[in-house]
Amino acid sequence: MSTPTPAPGAVGAPRPRIEGPLKVTGTARYAADVPVPDLAHGWLVTASVSRGRIRDIDATTALALPGVLGVLDHRNAPRLNPAAGNYFGPDGSLQLLQDDVVPYAGRPVALVVAETSEQARAAAAALRLSYHVEPHDLDFRLEHPAARPGSTAFGPEADTGDLDAELAASTVVVEERYRTPEESHTALEPHAATVWWHEGDLYAVDSNQGAFSVSEVLAALWSMDRERVHVRSEHVGGGFGGKGACGPQVILGSMASARYGRPVRIVLTRAQVFEATASRPPTDQLVRIGADADGRLRAIHHRPAYALSPLAEYIEWCTEQAKILYAAPAIRTQLTAVPLDILPPASMRGPGATPGSFALESAVDEVAERLGLDPLELRLRNQPTVGPVSGLPFSSRRLVSCLREGARRFGWAARDRRPRSRREGPLLVGTGLATTSFSAGVFPSTASITAEADGTFTVAVGASDIGTGARTALTAVAADALGVGPEQVRIRIGDSDLGMAWGAGGSRGTTSWSFAIVEAAGKLREKLDGPDRPVTATADTTALIDYRPQRERQTFSAVFAEVTVDPATGEVRVRRLLGMFAVGRVINPLLARGQLVGGMIMGLSMALHEESVRDPRTGRQANADLAGYHIASHADVPEIEADFVPDYEPQDPSGFNGLGEIGTAGTAAAIANAVWHATGTRQRTLPIRLDRVLEPDDTTVDDPHVA
Ligand code: MOS
């Protein structure tokens, strides 16, 4: 690793984002905006049943409509390589139009291609599809007969101490079920791609979170060299995990372009984004916590189930916080996967940690309630000195600073612990808190930096800026590493031709790309004494990353919420939200704060609003639009404060950690705990809807299995 260069000050400065003027003037081009000659347009047709086989697709009428070039379906689509996959192995969700099987409602079953988008849409509406319908299973619950252990690819389960003995010896045992619904990423920009072939090479301008990894998957699907696949994604209007994979727009676009010999553009409708891309799976979580009378935790048992599709392995890693947050002699985690006939899930901001911390941090609050302890004090009494399961030291753990500083700013000391103790007119008022950790680290990336003849520097890294400000942050990192001002640095990102790089995901984009940039800058500086200009240095961090864990590397947060509850209507309003974060050294406090506030809004939205509702009869999402799937809007969001405690990540060459996701995790539990404080009733099922507040026995409202 390089020694950190003494910072001339670009890192740490609150600079606005570089591409901001392009975006607000409409100059920035997204995947559906790029002008391409001779363009044809594709329109997706998706399955309306949840399980079965396609009996027939009658395209006679559609093909006769004006402008129609053709209809692709499983009978005439190009064959894809069935071995193409994801991190876990072969991924059936990529194998579009390869057979007549319908594995979930919303599965693309045909693509209509026409001269204009409107013509393609009209022809899609004229297609006649019929199915052999088979009974589907959407009966998600922890006790589902098909439930099986979740993959341990992200790490082994915890099983320390004697759980049963510790629970038996506990003064108080909380044993409860917590549930979170299927949710949708709902990025502002729908998935879109413009795709063409030229002399055997595949070109795509695509909306995704990692151009390099999409180029790898496309190359695998087409059994071609990755160097011959060129994916660009210069501007991306949000992803939240829903654009982490190779999406249907670019797979189908490549097939249609191959078939019809024209560039093809596909833009998903909002309904198709809901039904045909990905979702955060629902969870059903059992938590058991035992504690002594003085609040010392004896046992933590976290057994969460999540739904997935048999098409591809997936982990909703809800159990990580149970291994990190508290010292306890016995800790057991049991991640459970339930295969159902659903849309294959994908990581959604703070995957696992967000639903998992809702359950864990609600249960910890219930322990404090039963013991009559301040929930802040309970947390302070159970802080571990080393990883509670791993035994490894923490590289940095500033959680207590987050808690104490947050409590001071929030005015926690003045809180009356008793529920229903505050009223303002007709409203009940409550406050609550929750803590979180989120795993941090780095993945292999490459970067090149060129010293130009005019004294400026060009940085090329296969990074993605999905609205996070990555471009701006990386410019600052490069400037400091080169010892120049940021105005001397131009940055190129969002292009698979720039070389191997991690995507914008896992809260590891900025750390991974920065590592490669710092390495490249170190190499370039050695060449600057020579006369050659332009001169380029390239770095690849693959061999520099040591994955043998020697430290627990995590970010931490404490979130404080104040809510009002109207007991007449059941309406919950969040009135104040404060998050204190320990995320390593902060590159750009303006953009970092924006990320964290955005994450907290997403957590608020999860707590109160978001829920994909499936019609049990058809299995289709009943609210596949932004009218029915409510995400927090301005009127729902109060003034939010997010700030950092001083922190430095010793395992990173520049002291950085990721912060894209920790804002979301932790927020829902803080709000749910505040709702309990206001009303005296626990809300163990999200979202905290009006009917759940008015009819608070959540085990009987929704769940016929617990009767
Ligand atoms: Mo993300 S949910 O790490 O793309």
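This is a predicted model, so every value here is computed, not measured. Order of appearance sets the numbers: ligands from 1, and atoms from 1 within every ligand.
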Notebook entry, point to check: Going by atom types alone, do D540 and T446 pair a side-chain donor with an acceptor below 3.5 Å?
Noted result: no

Next item on the list: Any salt bridge (charged side-chain N to carboxylate O under 4.0 Å, His left out) involving residues 180-189? Give me the pairs, sequence neighbours left out, ordered by first then second residue.
Entry: E182-R614, E183-R280, E189-K243

Next item on the list: Please work out whether the ring planes of H630 and H609 are parallel, tilted or perpendicular, with thresholds of 30° and 60°.
Entry: perpendicular

Check: Between R349 and ligand 1, does any nitrogen or oxygen pair lie at a separation below 3.5 Å?
Finding: no

Notebook entry, point to check: Hey, which atoms in ligand 1 end up nearer than 4.0 Å to a heavy atom of S347?
Noted result: 2 (S)

Check: In terms of residue, atom name and distance, what is the protein heavy atom nearest to atom 1 (Mo) of ligand 1?
Finding: E661 OE2, 3.4 Å

Next item on the list: Report yes or no: does a heavy atom of A504 sit under 4.0 Å from some atom of ligand 1?
Entry: yes

Margin query: Under 4.0 Å from a heavy atom of G505: which atoms of ligand 1 are those, numbered in the order shown and with their elements?
Written below: 1 (Mo), 3 (O), 4 (O)

Checklist line | Contact with ligand 1 for P351, non-hydrogen, under 4.0 angstrom | finding: yes

Check: Side chain, backbone, both or neither: which part of M348 has a heavy atom under 4.0 Å from ligand 1?
Finding: backbone

Margin query: Could you check whether R585 pairs with D652 (Lys NZ or Arg NE/NH1/NH2 to Asp/Glu carboxylate O, under 4.0 Å)?
Written below: no

Next item on the list: Report yes or no: does a heavy atom of G506 sit under 4.0 Å from some atom of ligand 1?
Entry: yes

Margin query: Using a strict threshold of under 4.0 Å (side-chain N to carboxylate O), is an ion pair present between E611 and R689?
Written below: yes

Notebook entry, point to check: For atom 4 (O) of ligand 1, what's the nearest protein heavy atom and its distance?
Noted result: Q209 NE2, 2.8 Å

Checklist line | Sidechain N-carboxylate O distance under 4.0 Å for D284, R179 | finding: yes

Next item on the list: Indicate, with yes or no, if the rings of F274 and Y629 have centres closer together than 6.0 Å.
Entry: yes

Next item on the list: Enumerate the atoms of ligand 1 whose separation from the nearest heavy atom of G241 is less than 4.0 angstrom.
Entry: 1 (Mo), 2 (S), 4 (O)

Check: Does F240, backbone or side chain, put an N or O under 3.5 Å from an N or O of ligand 1?
Finding: no

Margin query: So does L544 get a backbone contact from the side chain of T541, meaning a donor-acceptor N/O pair under 3.5 Å?
Written below: no

